[in-house]
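Residue numbering restarts at 1 for every chain, and letters A, B, ... go by the order of the sequence lines.
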Amino acid sequence: MTRERPETDVVIVGCGWVGGILAAELTEAGADVVVLERGPWRDRADVAGSHDEMLPRRLTHTQDTATDTWTLRHDRTEQALPLRQAGAWTPGTGVGGSSMLYGGVLQRLQPHDFVARTALTQRYGAAAIPADSTLADWGITYDDLAPDYDRFELMAGVSGKAGANPFEGPRTGEYPMPPLPPTPGPTLFADAARRLGLHPFPVPNGTLPLPYTNPDGISRPACTRCGYCIGTPCEIGAKADALATVLPVAFRSGRMDLRCDSTVVRVTHRDGRADGVVYRDAAGEVHHQRGRVVVLAGYTFTNVRLLLLSRLGTPYDPTTGSGTVGANYSYNLLTTGAAFFADRRMASHIGAGGAAEYVADFNADNVDHTGLGFVGGGMLWSAAHVTGPIGGAILPPGTPRWGHEFTRALRQWHDRVVLGVGHGEVLPYRDHTIDLDPGYRDAFGDPLARITFDWKPNERALHGFLRARLSEILHEMGPTIVGEPADLESHFDTTRYQSTHNTGGAIMGADPATSTVDTTMRMWEAENVWVVGGSAFPQSAGTGPTATICALAYRASDAIRAHLSSA
Amino acid sequence: MTDALAALADTIFPATDGLGSASELGAVDYVRATLDGPRGRGENRYAAAPFVQPAHAGHGWQWPETPAQGVDHLLTVLGDDDLPARIIELEAGRLGDDMARAAFALVCTLVLEGVLADPRHGGNADGAAWRWIGYAGGTR
Ligand SMILES: Cc1cc2nc3c(=O)[nH]c(=O)nc-3n(C[C@H](O)[C@H](O)[C@H](O)COP(=O)(O)OP(=O)(O)OC[C@H]3O[C@@H](n4cnc5c(N)ncnc54)[C@H](O)[C@@H]3O)c2cc1C
Ligand code: SF4
């Protein structure tokens, strides 16, 4: 039996970064909002004592794959198999979602990223873009989004230094907060990069070097540099997450009804209008929550899967190219190398996920790609977050993983290693999609999201390029041993953590034939449904997605507010 | 099985230069408790059939066995004679199967956790392993 719930102004699916921002913006504008979150309620006290390496390793804050996971196939002929455990990506669950777990790096995309197809075609000719790539412009430019980046950065207290990255898009002023204090490993990395003629910079991020009070009057303390950032909530809220920033604003409005342990399973709709969503509570009871506006903010996979399960929008068909829902699924590629210093300690128990030095010289189209054999780019970086002794147990190549040689190496190299990372964009392709799995089902009996994805020649070439540039920096650091970055696996590996930067599936654009949502993230095929998040990205970029996801949330909030006051 | 697990853990992490072996550090208790607990029982894993063996790597653990059952299988494959030689054979692909190899990787990880995790989890007795490697951090 379904319990009918009285209509509210806006129903928001998911209480992560996007859900939190929209709840704050819309309640402040006077709307009543119901936020439905599949995971539990947790406040700051629940994460006290989070100085524990085992917390992220146990995936306690990650989507429960026992009940809902993804299947993956490397091409359209293979049978998709379930990720029996979260591995390559680990989206969060519970209040705050992945915002509680992320590293805190909050970089804007480059102006190029929004118009990559047009720009690459102009510079290199259409043939430079792989024929099966569905690379698409966003329908907005960097300048269109810049005010929303500003709003987000001011709200979150983003730290950074304007102009330190010569490739960043124009900005109206300085970052709200100065860069985090330097740490030994990343400093060695940056110095080496500088000697090679590159332009390292302290990466913009949401971790506070100083106490900060934002324009909403929300105060947060400075980071203690405990280092327990990634995969773990910050126990003091120094890392900007939804719980520390936007949710207090929504709560104090008195207009947010946040229901946890509430998993949305369908959007109900008729004739191009949604009237609400169906969700299940912890007891398994089914509710129908009505709303004048429905916002999907459940991370890329949930956003796309709910559209498909609800038969909302037109599913993408890769054989004909018709439809849009599920198209342009993309991701980021990763390469990791290490510099080992026999005589030097790195104090790697001090730092923060956002305490990193980045190099953007090879990002986007910052180098001339003529003759390189690929398009696209990526970032190189070193971050001070190898804190715990388990995660920091990074040993020189060829070290066995057992026996005395292993145990002695653990001791010899503890805290004497600096990691270098390359992080690159992945083009979208015609056959890289999200659809519904024909066999595997979740705990409620609904089909799992099925992903079709593998590394293609363009990405292998970009990976090789980034790997070589990373290796040059690692050698220039002058270490005792370089752990060379490895080549990409023969097939995408679902078990090795790479990033929770999954994008696409409900992409934005200026043309309803090729995009699911318009440039405010409103569905072309449903006038009162907004689908907000990484799902809207037409392609991934060399930078992490989150600052852009959050800026898009602000952009969507303006459109929803206008819709509510006109309807 | 209990002794076989301890023997394997102590082969992976033998007493070294003043630091005790995995069993002396309490790491074996940690590994056993973990295998007996939700992680070993695979409670956080998607356990719906069908279990299909993939044609190539990249799909992770696709066997119907739980991680703990996989470790039991590993211990049977290794037996208790000359463990180091048997592990070398296993790693070289001349002994056992892919599940045994995956279970070995799991045991290596769990032993490392048992040795180096915060002592509150039952291993790393008195933080001895932290002092030994020179870990300058701590809990709080
Ligand atoms: C370990 C880690 C490190 C990261 N580091 C970085 C970084 O340094 N830089 C960067 O740019 N990005 C990073 N990210 C990515 C970043 O966290 C996400 O991009 C961002 O949080 C996305 O915001 P969102 O609101 O779209 O999704 P989320 O923040 O994940 O929120 C989605 C919410 O929806 C809920 N939900 C899902 N399905 C349902 C449903 N059916 N019903 C009800 N609720 C549902 C979820 O439980 C979750 O709370 C990282 C992510 C992880 C996990
Ligand atoms: S390093 Fe700083 S931001 Fe990260 S968890 Fe610790 S206090 Fe929070």
Would you check if Tyr440(A) and Pro50(B) make a side-chain contact, meaning some heavy-atom pair closer than 4.5 Å? yes

Quick one: of Asp64(A), Asp493(A), Thr67(A), Thr407(A), who has the most non-hydrogen atom pairs under 4.5 Å with chain B? Thr407(A)

Where on Arg496(A) is there a heavy atom nearer than 4.5 Å to chain B: the side chain, the backbone, both, or neither? neither

What parts of residues 12-20 of chain B touch chain A if we use heavy atoms and a cut-off under 4.5 Å? Ile12(B), Phe13(B), Pro14(B), Ala15(B), Thr16(B), Asp17(B)

Shortest non-hydrogen contact from Thr495(A) to His59(B)? CG2-C, 4.3 Å

Anything under 30° is parallel, anything over 60° is perpendicular, the rest tilted; go ahead and classify His56(B) against His491(A). parallel

Let's test your reading of the structure: which of Glu489(A), Arg73(A), Gln412(A), Arg441(A) forms the most heavy-atom pairs below 4.5 Å with chain B? Arg441(A)

Measuring from atom CD1 of Ile133(B) to atom CZ of Arg408(A), what distance do you get when rounded to the nearest 0.5 angstrom? 15.5 Å

Tell me, side chain or backbone of Phe104(B) under 4.5 Å from chain A's heavy atoms, or both, or neither? side chain

Most chain B-contacting option - heavy-atom pairs closer than 4.5 Å, from Ala443(A), Ser490(A), Ala88(A), Ala66(A): Ala66(A)

Are the side chain of Gln62(B) and the backbone N or O of Arg84(A) linked by a donor-acceptor pair below 3.5 Å? no

In this structure, CG of Leu116(B) is separated from CE of Met54(A) (nearest 0.5 Å) by 11.0 Å

Pairwise distance CG(Asp118(B)) to CG(Leu55(A)) - rounded to 0.5 angstrom: 11.5 Å

Chi angles and distances behind the side chain to side chain donor-acceptor pair (under 3.5 Å) call for Asp52(A), His121(B): CA-CA 10 Å; Asp52(A) 182 4; His121(B) 298 295; 2.6 Å; yes

So which heavy atom on Glu91(B) is nearest to which on Arg401(A), and how close? OE2-NE, 2.8 Å

Pairs of heavy atoms under 4.5 Å with chain A: top-ranked of Gly134(B), Ala129(B), Ala57(B): Gly134(B)

Options Leu81(A), Asp454(A), Asp68(A), Leu72(A), ranked by heavy-atom pairs under 4.5 Å with chain B, top entry: Leu81(A)

One should read off an interatomic distance between His414(A) NE2 and Trp132(B) CH2, to the nearest 0.5 angstrom, of 11.5 Å

Can you confirm whether Arg58(A) is buried at CZ, in the sense that more than 12 heavy atoms of other residues, nucleotides or ligands lie under 6.0 Å from that atom? yes

Positions in residues 35-49 of chain B that reach chain A, provided some heavy atom is under 4.5 Å away: Arg39(B), Glu43(B), Asn44(B), Arg45(B), Tyr46(B), Ala47(B), Ala48(B), Ala49(B)

Please round to the nearest 0.5 Å and tell me the distance separating atom CH2 of Trp402(A) and atom OG1 of Thr11(B). 7.5 Å

Of the non-hydrogen atoms in Tyr135(B) and Gly388(A), which two are nearest, and what is the gap between them? OH-CA, 4.2 Å

d(Leu83(A) CG, Trp61(B) CH2) to nearest 0.5 Å is 15.5 Å

Between Phe492(A) and chain B, with a heavy-atom cut-off of 4.5 Å, which part of the residue counts as in contact: side chain, backbone, both or neither? backbone

Nearest atoms (heavy-atom pairs only) where Leu112(B) meets Ala393(A): CD2-CB, 4.0 Å

Is Leu59(A) close to chain B through its backbone or its side chain, or both, or neither, when contacts mean heavy atoms under 4.5 Å? neither

Please look at Leu83(B) and chain A and tell me whether the side chain, the backbone, both or neither of the residue comes under 4.5 angstrom of a heavy atom of that chain. neither

Option that, when pairs with chain A are counted at under 4.5 Å, heavy atom only, ranks first among Ala136(B), Pro54(B), Ala117(B), Ala55(B): Ala136(B)

Chain B contact via Glu78(A) - which portion, at a heavy-atom distance below 4.5 Å: side chain

Using a 4.5 angstrom heavy-atom cutoff, name the option from Pro400(A), Gly403(A), Gly439(A) with the most pairs to chain B. Gly403(A)

Per-residue contact mode, Leu410(A) against chain B (heavy atom under 4.5 angstrom): both

